[in-house]
Protein chains: 2
Amino acid sequence: MPIELRHLRYFAVVAEELSFTAAANRLRISQPPLSQQIRDLEDEVGAALFQRTSRRVRLTAAGDSFLVHARAILAQVDSARREAQAIGAGKTGRLLIGTTGSILRSGLADLLAAHRHEYPEVTSTLIEQAPALQIRALQERSSDISFIRLPPAVDGLVATLAWKEDVVLAMSRIHRLANRKRLVLRDLRDEEFVALVPESSDFARSIQESCVSAGFLPRVAHEVVDAQSIVGLVSAGFGVALVPASISRFTNREILFRRLAASTLSADVYIVRRDEEHSQVVRTFIEFSRKYAARRAPG
Amino acid sequence: MPIELRHLRYFAVVAEELSFTAAANRLRISQPPLSQQIRDLEDEVGAALFQRTSRRVRLTAAGDSFLVHARAILAQVDSARREAQAIGAGKTGRLLIGTTGSILRSGLADLLAAHRHEYPEVTSTLIEQAPALQIRALQERSSDISFIRLPPAVDGLVATLAWKEDVVLAMSRIHRLANRKRLVLRDLRDEEFVALVPESSDFARSIQESCVSAGFLPRVAHEVVDAQSIVGLVSAGFGVALVPASISRFTNREILFRRLAASTLSADVYIVRRDEEHSQVVRTFIEFSRKYAARRAPG
DNA sequence: GCAATCCATATCCATAAGATATCAATATCG
DNA sequence: CGATATTGATATCTTATGGATATGGATTGC
């Protein structure tokens, strides 16, 4: 019969009370079985832990050493239980989130801050990389969820809308179309565009496809890697750009953001995750995102 | 029903095998009770530790954390058992030994070195102090054993002979009695003595008493604190001294050691300890000392 | 020296760990 | 695609063992 935690619990109390009777009282059991359990423990350990002088109980040197360990073990069992429970309840844990720079600035940063505030024990790690790599990371289980615009339909993954976001036209304040009352996509057919490199961005590609659907192939004069640097180029008059509405937060005097009429363009952000049971931290985070989006943009 | 080590042992194996059936085989129990025990553990922890997809078993985030702790706990139980057993067997532990400088030089140092060689895991601490203080240290449990010459009969303490040692006369090589064939104690009645201060040494007092029994009160010309410094004074011709035979190891050209005829003087060294059950380290040490003395001085 | 404690021993009982049989669900294979 | 095998869960029974009660031997305190 191997050592059990019961033995350690009993032993610790006897060592504290230095009395089998008193310890048995504290443990709410009777004295004989307690003596028996301690005896079993001593047999199992292979050394006397107490020195019983039929009137006085005293720890042996071996018992002295064992007590230190026993207490540490019992404490660790307790903390193991607490920690697992906290993780199970989604109160603590690790969260690996894939995203792109533009989404991060778009509002994800605020969402993460709010989540961190509510669940301070959850360690969230952000991985900024191209959407295609994020998809692979999800499949390889090296990330938990991804925030992606225009997520591809991939087997084993599911996407749910995180928040809606419009596409707006960014142009210089002195651009010839700046004062036009109503603007539609087709009006941009002769413009020069500032855009993200399409290889790294599904969003850039979708803009391009929309233009083609509208009957023209956009002339991209300048390609940039970082969405934010679009603002600089546009305001310097290098061309116009179709960007997520949240980019307008990084505005300046020379730039103007205009909504296109009758546009089907969208920069909606989706949460992508594996199509399976997730850990509670992940579930809690997704639920939190849902509520957060609803609160910020009701309806 | 609280968490037991059985739960952790079962859990660790299931986590390793990621299969209840395989784990049950390894644990030499059938599968249903194993499932039951894991279920009980999960209930107790308050979180799912495995994610069962009815075909695949996988650790949850909580289970992942719990596994780390479980393994650490099981390992610590094992090391606690080993350590207590080693202490119980006297292979390791602490040993507090009281002694005096002269006994240490007399042969105790060699004994300790031999013991350390045989039981390298036993940490022995030496406390050099006056015999009276050693007795008190023993009673107060702040020391385990003491090496003492002429131990007083004290209630609760027992003394056993560690090794026999003669008393020899130390005198200058040019002393007038240096060439006398046979010397008895009474021959020293007109000599000047170099001796230890009697307050700090029972041995010094016993020498004095023996002289009185032999019919004279020894004239102590020089009192010293350290037994070894007697050698210096005697060789410089400041007087004679009755010292433990082992002192003769610290001889020089000018000094001569002579055995007294028909002498009842003895410098036997005793091990003193409490009259109760001792830890195995102590018992082993005492036994070791006994054998060591027998080997060095058979008969 | 008697009563009061304290731990150990002996015996009994109730609980729970484990075994057996079976089911539902899913992956494997002809 | 259906038959089969494999996996974990459920139900029921058996048995091992933790715990209770009664008692004894040893020591201490009055």
Side-chain angles (χ1 to χ4, degrees), chain A residues 1-45 47-60 62-63 67 70 74 155-156 274-277, chain B residues 1-45 47-60 62-63 67 70 74 155-156 274-277:
Chain A
M1 158 232 318
I3 298 177
E4 290 297 339
L5 289 178
R6 176 187 56 258
H7 294 123
L8 303 190
R9 288 187 255 264
Y10 289 3
F11 168 73
V13 175
V14 175
E16 236 174 78
E17 297 285 342
L18 289 178
S19 155
F20 281 74
T21 318
N25 284 334
R26 252 182 65 184
L27 291 164
R28 311 291 201 154
I29 62 172
S30 56
Q31 171 263 316
L34 176 59
S35 293
Q36 183 56 43
Q37 292 294 317
I38 297 295
R39 186 190 175 80
D40 290 347
L41 175 62
E42 289 177 319
D43 283 354
E44 203 57 38
V45 168
L49 301 174
F50 292 107
Q51 183 186 333
R52 295 99 155 153
T53 24
S54 126
R55 193 67 186 177
R56 166 168 274 98
V57 174
R58 185 181 293 151
L59 276 168
T60 62
L67 178 59
L74 293 172
D155 203 56
R274 283 184 297 281
D275 184 16
E276 62 178 30
E277 190 85 352
Chain B
M1 161 229 321
I3 298 177
E4 289 298 336
L5 289 178
R6 178 186 55 256
H7 295 122
L8 303 191
R9 287 187 256 262
Y10 289 4
F11 168 74
V13 175
V14 175
E16 236 175 77
E17 298 284 341
L18 289 178
S19 155
F20 281 73
T21 316
N25 284 335
R26 252 182 66 184
L27 290 165
R28 311 290 200 154
I29 62 173
S30 55
Q31 170 262 316
L34 177 58
S35 292
Q36 183 58 40
Q37 291 294 317
I38 296 296
R39 187 190 173 80
D40 290 347
L41 176 61
E42 289 178 318
D43 283 354
E44 202 56 38
V45 168
L49 301 174
F50 292 106
Q51 182 188 333
R52 295 100 153 154
T53 23
S54 127
R55 193 68 185 176
R56 164 169 275 97
V57 174
R58 183 183 291 151
L59 277 168
T60 62
L67 179 59
L74 292 172
D155 203 54
R274 283 184 296 281
D275 184 16
E276 62 179 30
E277 191 85 354

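Protein chains get the first letters and strands the later ones, always in sequence-line order, with residue 1 at the start of each.
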Item checked: Verdict with reasoning, Leu59(A) to Phe50(A), per side-chain contact (heavy atoms from CB on, under 4.5 Å) -> CA-CA 5 Å; Leu59(A) 276 168; Phe50(A) 292 107; 3.6 Å; yes
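- The separation between Glu4(A) atom CD and dG19(D) atom C1' is 16 Å, rounded to whole Å.
- One donor-acceptor pair, N or O on each side, does fall under 3.5 Å between the base of dA9(D) and the side chain of Gln31(B).
- Under 4.0 angstrom from either OP1 or OP2 of dC7(C) there lies no side-chain N or O belonging to Arg39(A).
- At least one side-chain nitrogen or oxygen of Thr21(A) sits closer than 4.0 Å to the OP1 or OP2 atom of dC7(C).
- Summarising the geometry, the separation between OH on Tyr10(B) and C1' on dA16(C) is reported as 12 Å, rounded to the nearest angstrom.
- Contacts of Phe50(B) with the nucleic acid, taken as non-hydrogen atoms under 4.0 Å apart, are absent.
- The distance from atom CD1 of Ile29(B) to atom P of dA16(C) is 17 Å, rounded to the nearest whole Å.
- When the P atom of dT10(D) is taken as reference, atom CG of Leu34(B) falls 14 Å away, rounded to whole Å.
- Closest approach to the Phe20(B) side chain among dG8(D), dG18(C), dC7(C) is made by dG8(D) (side chain taken as heavy atoms from C-beta onward).
- Summarising the geometry, atom CG belonging to Leu27(A) is positioned 11.5 Å from atom CZ belonging to Phe20(A); distances are rounded to the nearest 0.5 Å.
- Within 4.0 Å of Ser35(A), counting heavy atoms only, lie sugar-phosphate atoms of the nucleic acid but no base atom.
- To the nearest 0.5 Å, atoms CD (Glu16(B)) and CG (Leu18(B)) are separated by 9.5 Å.
- As rounded to whole Å, 5 Å separates atom P of dA17(C) from atom CZ of Arg6(B).
- Atom CG in Leu5(A) sits roughly 16 Å away from atom C1' in dA17(C) (whole-Å rounding).
- Summarising the geometry, atom OG belonging to Ser19(A) is positioned 8.0 Å from atom CG belonging to Asn25(A); distances are rounded to the nearest 0.5 Å.
- Screening Leu34(A), Ile38(A), Asp40(A) for a side chain to side chain contact (heavy atoms under 4.5 Å, CB included) involving Gln36(A) leaves a single residue, Asp40(A).
- In this structure, Gln37(B) atom CD and dA19(C) atom P are separated by 11 Å, rounded to whole Å.
- An angle of 30°, rounded to 10°, separates the two end axes of the helix from dG1(C)-dC30(D) to dG30(C)-dC1(D), each defined over five pairs.
- Dashed line: the shortest gap from a side-chain N or O of Arg56(B) to OP1 or OP2 of dA27(C) is not under 4.0 Å.
- Across the protein-nucleic acid pair, Leu8(A) atom CG and dG18(D) atom C1' stand 16 Å apart, rounded to whole Å.
- Among the candidates Glu42(A), Glu44(A), Gln37(A), the single residue satisfying the side chain to side chain contact (heavy atoms under 4.5 Å, CB included) test with His7(A) is Gln37(A).
- Using a 4.0 Å cut-off, some side-chain N or O of Arg52(B) falls inside it from OP1 or OP2 of dA9(D).
- Closest approach to the Pro33(A) side chain among dA8(C), dG18(C), dG19(D) is made by dG19(D) (side chain taken as heavy atoms from C-beta onward).
- You'll find the side chain of Tyr10(A) stays beyond 4.5 Å of the side chain of Leu41(A), heavy atoms only.
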